[in-house]
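Below is one structure; the comments refer to it alone.
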Amino acid sequence: MSNIVTARDIEMVTSDIHYAQRQGARQLLSNLIEIGRLLVEAKSMVPHGEWGKYLEERVNYSQSTANNYMKLYQEYGDNQESFFNSFSNSQAFGNLTYTQAIALLALPAEERQEFAENNDVAEMSTRQLEQAIRERNEERAARERAEELAEKAQQELLAQEKATAAEKDNVARLRDLQVKAKGEANAANEKVEKLQKQLEKAKANEKAAKEALAKAQENPEIPEAMMESLRQQVAAEAAREATEKLQAELDAANKAKETAERNAEQAEQKLVAAQKALQLSSPDAAVFKTLFEQVQENFKCMLEALENVQQADSETGEKLHKALRTLLSKLIDDLEGV
């Protein structure tokens, strides 16, 4: 029976090369992790301050290379439930190279397997892997930033609602003070009017008493007339004193009236200011403030991204620049229509 020889083409040979490369890379990574373990052990034995010298003279490693190997062991080695031990049967990790394993250290340990499986890491170049990790980190940072802004917005909204409630209480309090101040001003006006009438009456009495006194004094030779003159003199003096007293009360009442009217005016001004503050302290104003800050932050990021694109590709950068200007122009038109 003759042996059947299958013809091999370039695709089959290339596939075998890739397989051999993956096997070699896997074996290399396993060896480097073991080297890392031994370096950790050696470092615990080398006297303090002589580690660099030991690496250079005894094993011919730079400190950065040794640190990478030890980091591989600490993250993936058998001294802990690791990336490789936990998922030794995972195809996602079975074909990693040294540089891929190093690149994956930029991710939290608990996220590496999922990331490797979702992104087919074994088939990526180191540059592609680093780019994917960078994009993942940027996306994560943007999401965390959005969550922070959302949390901040929620906190500001709650604070604003409290402030609004406080402003409402303040408006109610000032309204009560305004009503009281107006009442006091009205009462002061009524008192002034009453005192003015009493003063006018007292002045009339004083005038009549003076006239009677003058008339009685025209006939001083008659005893009865003299007695009447004395009585009229007493009456005139009493009328004068009453007039002076009422005048003093009226002056004081006028001052109280001015104070009450001034207080009423100030209460009105404070009430108007508090009502304006209440309008500005609405939840909608708080939302606007938060959104405004987000727009500022996003616009800053857009400008930075645009500058990077312009440096890398001026033609694309110019297109993006025009698109941004068009957007801003439209936003201005929309704003003018509000």
Side-chain angles (χ1 to χ4, degrees), residues 18-19 21-30 32-33 36 64-155 290-291 293-317 319-321 323-324 327:
H18 289 165
Y19 176 78
Q21 287 176 333
R22 289 194 294 270
Q23 290 296 103
R26 181 178 183 182
Q27 185 60 48
L28 173 62
L29 182 55
S30 178
L32 293 179
I33 292 174
S64 61
T65 298
N67 288 341
N68 282 338
Y69 293 167
M70 290 190 292
K71 183 70 172 177
L72 283 175
Y73 168 68
Q74 291 163 348
E75 293 291 330
Y76 303 142
D78 58 10
N79 65 326
Q80 58 184 347
E81 183 181 7
S82 70
F83 179 88
F84 280 97
N85 290 332
S86 298
F87 311 109
S88 58
N89 295 323
S90 172
Q91 185 63 31
F93 299 138
N95 298 318
L96 288 181
T97 66
Y98 161 70
T99 54
Q100 289 172 333
I102 288 293
L104 284 172
L105 293 179
L107 296 173
E110 64 274 10
E111 298 182 20
R112 290 171 193 155
Q113 182 189 16
E114 181 180 0
F115 181 86
E117 291 174 349
N118 292 340
N119 293 275
D120 194 13
V121 170
E123 297 300 322
M124 288 183 174
S125 67
T126 302
R127 178 174 296 182
Q128 289 173 332
L129 177 56
E130 290 174 345
Q131 177 65 22
I133 292 174
R134 184 162 51 251
E135 290 175 355
R136 173 265 179 203
N137 290 340
E138 290 173 354
E139 179 183 355
R140 177 67 60 84
R143 184 166 63 251
E144 290 176 352
R145 174 60 177 162
E147 290 173 354
E148 289 176 1
L149 289 174
E151 177 65 21
K152 180 181 178 183
Q154 181 64 23
Q155 292 176 353
T290 300
L291 293 176
E293 292 176 352
Q294 291 180 10
V295 170
Q296 287 182 306
E297 180 68 22
N298 291 337
F299 187 71
K300 179 181 178 181
C301 293
M302 287 176 64
L303 290 181
E304 292 176 353
L306 177 60
E307 184 177 356
N308 293 335
V309 172
Q310 287 175 328
Q311 293 176 353
D313 184 348
S314 60
E315 184 176 352
T316 301
K319 292 179 181 179
L320 295 179
H321 188 273
L324 181 57
L327 174 61

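By the 6.0 Å contact criterion, CD on Gln311 is enclosed, its count of non-hydrogen atoms from other residues, nucleotides or ligands being greater than 12.
Salt bridge status for Arg143 with Glu148: absent, with no side-chain N to carboxylate O gap under 4.0 Å. Salt bridge status for Glu75 with Lys71: present, with a side-chain N to carboxylate O gap under 4.0 Å.
A 4.5 Å side-chain heavy-atom check between Asn68 and Thr65 finds every atom pair outside the cut-off. Proximity of Gln131 to Glu135: side-chain heavy atoms (C-beta onward) are separated by under 4.5 Å at one or more points. The shortest distance between side-chain heavy atoms of Phe299 and Leu324 falls below 4.5 Å. You'll find the side chain of Leu320 stays beyond 4.5 Å of the side chain of Gln310, heavy atoms only.
A pairwise comparison of heavy atoms in Ile133 and Ala106 identifies CG2-CB, 3.9 Å as the closest pair. Looking at every heavy atom in both residues, Tyr73 comes nearest to Ile33 through CB-O, 3.6 Å. Shown here for Met70 and Gly36, the closest heavy-atom pair between the two residues is CG-O, 3.8 Å. Of all non-hydrogen atoms in Leu72 and Ala101, the two that sit nearest each other are CD2-CB, 3.8 Å.
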Worksheet item: Can you list the steps and then say if Thr99 with Leu129 is a side-chain contact (heavy atoms from CB on, under 4.5 Å)?
Response: CA-CA 10 Å; Thr99 54; Leu129 177 56; over 6 Å; no
Practice prompt. Carefully, step by step, assess Leu303 and Glu307 under the rule side-chain contact (heavy atoms from CB on, under 4.5 Å).
Written response: CA-CA 6 Å; Leu303 290 181; Glu307 184 177 356; over 6 Å; no
Discussion item. Assess the residue pair Gln296 and Lys300 against the criterion (side-chain contact (heavy atoms from CB on, under 4.5 Å)); give the C-alpha distance rounded to whole Å, side-chain angles, the decisive distance to 0.1 Å, and a yes or no.
Written reply: CA-CA 6 Å; Gln296 287 182 306; Lys300 179 181 178 181; over 6 Å; no
Practice prompt. Please lay out, stage by stage, how Arg140 and Glu111 fare under the test salt bridge (charged side-chain N to carboxylate O under 4.0 Å, His left out).
Written response: CA-CA 12 Å; Arg140 177 67 60 84; Glu111 298 182 20; 3.2 Å; yes
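Interatomic distance, CZ of Arg127 versus CZ of Arg134, reported as 9.5 Å (0.5 Å rounding). A distance of 11.5 Å separates CG of Asn118 from CZ of Arg136, quoted to the nearest 0.5 Å. How far OG1 of Thr316 is from NE2 of His321: 14.0 Å, rounded to the nearest 0.5 Å.
The main-chain N or O of Ser30 is never found under 3.5 Å from a side-chain atom of Tyr76 such that the two would form a donor-acceptor pair. Using a distance-only test at 3.5 Å, with no hydrogens or angles considered, a donor-acceptor pair links the side chain of Gln100 to the main chain of Met124.
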